[in-house]
Participant: 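What follows is a single structure, and I will ask about it in a moment.
One-based numbering along the sequence shown.
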Amino acid sequence: PNSFQTGYKPRVLIFSASSDAASDTPLTSLSDHTFGVNCVAFSPDSRFLASLGSANDGFLYIWHINSRTGAATLHASNKCVSHINRMAWMGNKLVTVGVRHVKVWKIDDLNATMRISKARQSDVSFLSGSTHKTLPGRNCILESLKESTFTSVVAIARNKAIVASDKGDICLIDDTESNHRFSRLVDAGFAVSSLAVDVKGRLHIAGSQGALKAFN
């Protein structure tokens, strides 16, 4: 529904997983995405939350989450002009994938910007007029896959991630050097809808029609 006609406001609600916290009361409510929320993802250390608006919104926000109170402070933001299907953290970087799009966003250390950030109050939007950093990002060079639609991404190391396409391409992002590399590894043999890595380091691939495959 149109939020301006119905009064509906999409929100990202942050709850505490602590056993002594109320399970039905959010610690923080983020209402900065105007048309809807496409993806959310916590960083590996839970210090940051990434939220991405729907196609009509397109804004990518990085929030710093107070571990004690759950309060959110806007750390950095930018706009994604491509249609995004999925995003995942790769160490202290964020990877977004979508239609002809694979991009690595660099999240600077929080300590460098806390002095210019404003503490956020729940349910209060302060993006206009606030001071926060522009989130820097770099597109991966897709070469022969430049017309592909990428459907899923999962980190396999602090500086490496696996990306899959709707044609079955399984690709690697290697960001261990200053210039990250993007390369195709193998063909899954079916359209890939999601990826996961288990505790033994095996990559599990799922297809939109129920196909499953695993790689070491």
Participant: Of all residues at least two apart in sequence or in a different chain, which pass the side-chain hydrogen bond (donor to acceptor under 3.5 Å, both in side chains) check with Asp57?
Facilitator: His33
Participant: List in chain and number order the residues that pass side chain to side chain contact (heavy atoms under 4.5 Å, CB included) with Ala55, two or more places apart in sequence or in another chain; answer none if no residue qualifies.
Facilitator: His83
Participant: Using the ring-ring contact (aromatic ring centres under 6.0 Å, His included) rule, collect all pairs that involve residues 137-186, keeping only residues at least two apart or in two chains.
Facilitator: Phe150-Phe182
Participant: Is there a side-chain contact (heavy atoms from CB on, under 4.5 Å) between Thr151 and Val97 once you walk through the steps?
Facilitator: CA-CA 7 Å; Thr151 56; Val97 302; over 6 Å; no
Participant: Measure up the Phe48 and Trp89 rings against each other and bin them: parallel (under 30°), tilted (30 to 60°), perpendicular (over 60°).
Facilitator: parallel
Participant: Going by the rule side-chain hydrogen bond (donor to acceptor under 3.5 Å, both in side chains), which residues pair with Asp24 if we only count those two or more places apart in sequence or in a different chain?
Facilitator: none
Participant: Could I get the full list of side chain to side chain contact (heavy atoms under 4.5 Å, CB included) partners for Ser19, not counting sequence neighbours?
Facilitator: none
Participant: With sequence neighbours excluded, tell me which residues meet side-chain hydrogen bond (donor to acceptor under 3.5 Å, both in side chains) with Asp198.
Facilitator: Arg202, His204
Participant: Distance-only check: which donor-acceptor pairs under 3.5 Å involve side-chain atoms of residues 183-197, not counting sequence neighbours?
Facilitator:
{"from": "Arg184", "atom 1": "NE", "to": "Asp169", "atom 2": "OD1", "distance (Å)": "2.7"}
{"from": "Arg184", "atom 1": "NH2", "to": "Asp169", "atom 2": "OD1", "distance (Å)": "3.4"}
{"from": "Asp187", "atom 1": "OD1", "to": "Gly189", "atom 2": "N", "distance (Å)": "2.9"}
{"from": "Ser193", "atom 1": "OG", "to": "Ala206", "atom 2": "O", "distance (Å)": "3.2"}

Participant: Taking only residues two or more places apart in sequence or in another chain, which ones pass side-chain hydrogen bond (donor to acceptor under 3.5 Å, both in side chains) with Ser18?
Facilitator: Asp20
Participant: Restricting to salt bridge (Lys or Arg N to Asp or Glu O under 4.0 Å), what partner residues turn up for Arg181, sequence neighbours left out?
Facilitator: Asp174
Participant: Connecting only ILVMFWY residues whose side-chain heavy atoms lie within less than 4.5 Å of each other, what is the rest of Leu13's hydrophobic cluster?
Facilitator: Phe15
Participant: Is Lys79 atom NZ crowded by more than 12 heavy atoms from other residues, nucleotides or ligands, each under 6.0 Å away?
Facilitator: yes
Participant: Counting distance only, does the side-chain N/O of Thr28 pair as donor-acceptor with the main-chain N or O of Gly70 below 3.5 Å?
Facilitator: yes
Participant: I need the Lys93 NZ to Ile107 CD1 distance, nearest 0.5 Å.
Facilitator: 9.0 Å
Participant: Nearest 0.5 angstrom please: Arg138 CZ to Asp175 CG, how far?
Facilitator: 8.0 Å
Participant: What pairs meet the side-chain hydrogen bond (donor to acceptor under 3.5 Å, both in side chains) rule with one or both residues in residues 207-216, with sequence neighbours excluded?
Facilitator: none
Participant: Run the salt bridge (Lys or Arg N to Asp or Glu O under 4.0 Å) test against Lys103 and tell me which residues pass, sequence neighbours left out.
Facilitator: none
